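These figures come from a predicted structure and were not determined experimentally.
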Amino acid sequence: MKLPDNIRRDWHYYAVAIGLTFIIYGVVGLLGFEAKGWQTWAVGLVAWVISLWLAGRVIRRRPEENPDEASR
């Protein structure tokens with residue numbers, strides 16, 4: 001099975017985002033915030049949005065290689 005180019009190129013972005021999500025969940029737990037009902041969904045959504053945004057700020061996407069320039 002071959003992964004799509006954008007996933008193969010950006011796997012580290014997704015790995016960092018997942019790691020940051022677990023860290024944010026841990027911080028929320030250590031702060032003692034007890035979410036009930038719909039608040040659990042809201043906390044999860046906010047944690048994922050923040051982690052994806054932070055991962056985008058930390059990880060810089062490599063410029064795509066142009067096959068014409070690589071052969072020169």
**Common cluster, Leu45/Ile24, ILVMFWY with side-chain heavy-atom separation under 4.5 Å** = no
Exam field: side chain Thr40 to backbone Lys36, donor-acceptor pair closer than 3.5 Å:
no
Output for pair (Ile23 CD1, Ile50 CD1), nearest 0.5 Å, gives 13.0 Å
Heavy-atom nearest pair, Ala47 first then Thr21, reads O-OG1, 4.4 Å
| query | Distance-only, no hydrogens or angles: does the Tyr25 side chain make a donor-acceptor pair with backbone N or O of Val43 under 3.5 Å? | reply | no
Nearest heavy-atom contact between Gln39 and Glu34 is OE1-O, 3.9 Å
Closest heavy-atom pair, Leu20 versus Ala55, reported as atoms and distance to 0.1 Å, is CD1-N, 3.8 Å
Are any of the side-chain heavy atoms of Tyr13 and Leu52 separated by less than 4.5 Å? yes
Exercise. Does the side chain of Ile18 reach to within under 4.5 Å of the side chain of Trp48, using non-hydrogen atoms?
Worked result: yes
Common cluster, Val49/Val58, ILVMFWY with side-chain heavy-atom separation under 4.5 Å: no
